[in-house]
Amino acid sequence: MKAIIGAAPSLSGEVVVPGDKSISHRALILSGLAEGSSTITGLSNGDDVRNTALAMQSLGVRMDEVGAGVLIVEGGQGLLHEPDAPLFMGNSGTGMRLMAGVLASFPWWSVLYGDASLSRRPMDRVALPLSMMGAKIEGRGSSCLPPLGVRGTQLKGIDYEPPVASAQVKSAVLLAALRASGRSILRERLVTRTHTEELLSMFGADIEVHDGPDGHRVVLNPSPLVSCEVVIPGDPSQAAFWIVAGCIVPDSEVLTSHVYSGPARLGFLDVLVRMGADIDVHVIGDHLVNVRARYGGLRGIELEASEVPGVIDEIPILAVAAAVAEGRTVMHGLGELRVKESDRLSAVVSMLSALGARIEGTGQQLVVEGGARLRGGRVDSKGDHRIAMAAAIAALATERGRGEVAIDGFDSVDTSYPGFIDDLRRVSRGRCSVELLLDDSQQES
Ligand code: S3P
């Protein structure tokens with residue numbers, strides 16, 4: 001699908017973003033492993049999370065939607081069995097890596113596969129620690145590309161520091177460690193999102209977390225899980241689109257409410273504040289905030305490599321902010337962006353260049369000259385939801401009368417945020433043009 005989006009004169013109102021995607025995957029998996037009946041409220045409605053739910057159901061977990069956004073999950077070891085068909089994880093690296101961790105700990109043979117994008121993403125980062133724990137993991141080529149074969153077994157505990165800062169790797173190891181013999185320790189120099197630790201503790205696991213000058217250390221003893229109630233807050237990575245939109249579209253004020261604010265997720269707000277953004281954060285609960293963003297001039301900044309794990313998913317939309325800010329922005333340490341749903345570093349450069357920004361990406365670095373007067377143009381989302389949504393927000397901030405932005409592959413947005421266009425129409429009060437068209441290929445078929 002192609003989206004054609006024009007400039008917005010201003011934005012106003014409130015957006016309630018979907019439930020956090022990372023927490024949703026984990027809540028489904030842990031409630032499936034826990035004995036008894038868990039309730040999950042506010043699950044992400046994206047395709048990625050739906051595929052994780054289906055994968056858990058293929059292992060025998062029962063799920064019942066009992067009301068708008070309320071799911072009852074009936075789980076436990078007694079229900080679980082070897083899947084009798086390969087498990088489809090769609091576009092989701094999180095889904096595949098976390099499920100690999102779970103499956104490694106059961107004495108089964110399972111196969112995980114995904115779409116064309118997921119089939120290009122390296123799984124060696126989970127295959128290595130899971131093999132060290134005793135599982136046999138097979139994929140294609142030296143980086144263990146999917147489809148992924150997982151021969152699970154009785155694992156042994158591990159003391160592991162992932163060579164890349166990755167919450168997916170940390171989580172795969174912790175999920176595997178739940179059923180291992182002996183204690184496991186997971187060490188991180190730079191802390192990544194901590195949802196797995198938080199949820200494991202809620203589900204009754206024997207887990208301890210230590211934060212100190214040496215970084216973040218998680219100690220997990222093999223433990224059974226007990227069912228619980230999970231209420232999933234709004235996804236900060238989706239809120240980031242509206243917060244930046246509020247900052248860069250003239251005369252705007254946007255409120256994003258009920259957003260998760262725990263560790264390693266709100267780094268983009270610090271970055272925006274450093275850029276001079278007019279942002280208010282109101283704490284409304286434990287790890288829960290409302291964020292109000294108003295239009296105002298931004299300036300370029302330097303983003304250090306050590307900050308990247310905390311803003312990993314927000315780089316495309318921060319690059320849009322940097323394009324219109326005054327002065328140069330340099331972002332360091334972006335190597336991981338090369339192995340996301342697309343080569344996101346190249347995709348960001350192509351997207352913003354097409355809209356008139358001066359931007360260069362080399363190696364692990366992005367340099368944005370700033371001061372762009374954004375104009376219409378054609379953007380290839382590369383099938384990457386975050387590129388498609390960042391381009392849509394850039395479209396709102398184009399100068400009026402300078403054309404519309406045509407975004408190819410816009411259906412990718414459904415992986416994480418099916419209601420994105422409805423929210424865009426709502427905050428623009430219907431005063432910007434939005435057209436959704438079938439791609440040429442879709443029209444032919
Ligand atoms: C995620 C971790 C991050 C992030 C992804 C979600 C998670 O990936 O980019 O969108 O839910 O654990 P990495 O672990 O590869 O950094």
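In listed order, ligands and their atoms are each counted from 1.
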* Can you find a pair of side-chain heavy atoms, one from P233 and one from H258, that are under 4.5 Å apart? -> no
* Asked: Of the protein's non-hydrogen atoms, which lies at the shortest distance from atom 6 (C) of ligand 1, and what is that distance?
  -> T94 OG1, 3.4 Å
* **Over 12 non-hydrogen atoms of neighbours within 6.0 angstrom of CD in Q77** => yes
* Would E307 and H332 satisfy side chain to side chain donor-acceptor pair (under 3.5 Å), going step by step from the backbone distance to the final call? -> CA-CA 9 Å; E307 295 178 77; H332 303 275; over 6 Å; no
* Asked: Hey, mind stepping through H385 and F420 against ring-ring contact (aromatic ring centres under 6.0 Å, His included) and telling me if it holds?
  -> CA-CA 10 Å; H385 57 133; F420 178 81; over 10 Å; no
* Asked: What is the closest protein heavy atom to atom 14 (O) of ligand 1, and at what distance does it sit?
  -> S166 OG, 2.6 Å
* Have a look at E161 and tell me which of R217, R187, R189 forms a salt bridge (charged side-chain N to carboxylate O under 4.0 Å, His left out) with it. => R189
* Is the closest heavy atom of H25 to ligand 1 under 4.0 Å? -> no
* To do: Note the single closest protein heavy atom to atom 11 (O) of ligand 1, along with its residue, its atom name and the distance in Å.
  => S22 OG, 2.6 Å
* Would you mind running through ligand 1 and noting each atom that sits below 4.0 Å from a heavy atom of I312? => 9 (O)
* Asked: Which atoms of ligand 1 sit under 4.0 Å from any heavy atom of D313?
  -> 4 (C), 5 (C), 9 (O), 10 (O)
* **I317 CD1 to I248 CD1 distance, which is reported to the nearest 0.5 Å** => 6.0 Å
* To do: Run the numbers for me: atoms of ligand 1, each under 4.0 Å from some heavy atom of K340, listed by number.
  => 3 (C), 4 (C), 8 (O), 9 (O), 13 (P), 15 (O), 16 (O)
* Structure fact -> Note: H195, heavy atoms under 4.0 Å from ligand 1, region reported as neither
* **Nitrogen or oxygen of A167 less than 3.5 angstrom from that of ligand 1** => yes
* Residue part near ligand 1, for R26, under 4.0 Å between non-hydrogen atoms -> side chain
* Would W108 and L80 satisfy side chain to side chain contact (heavy atoms under 4.5 Å, CB included), going step by step from the backbone distance to the final call? -> CA-CA 11 Å; W108 306 330; L80 300 182; 3.9 Å; yes
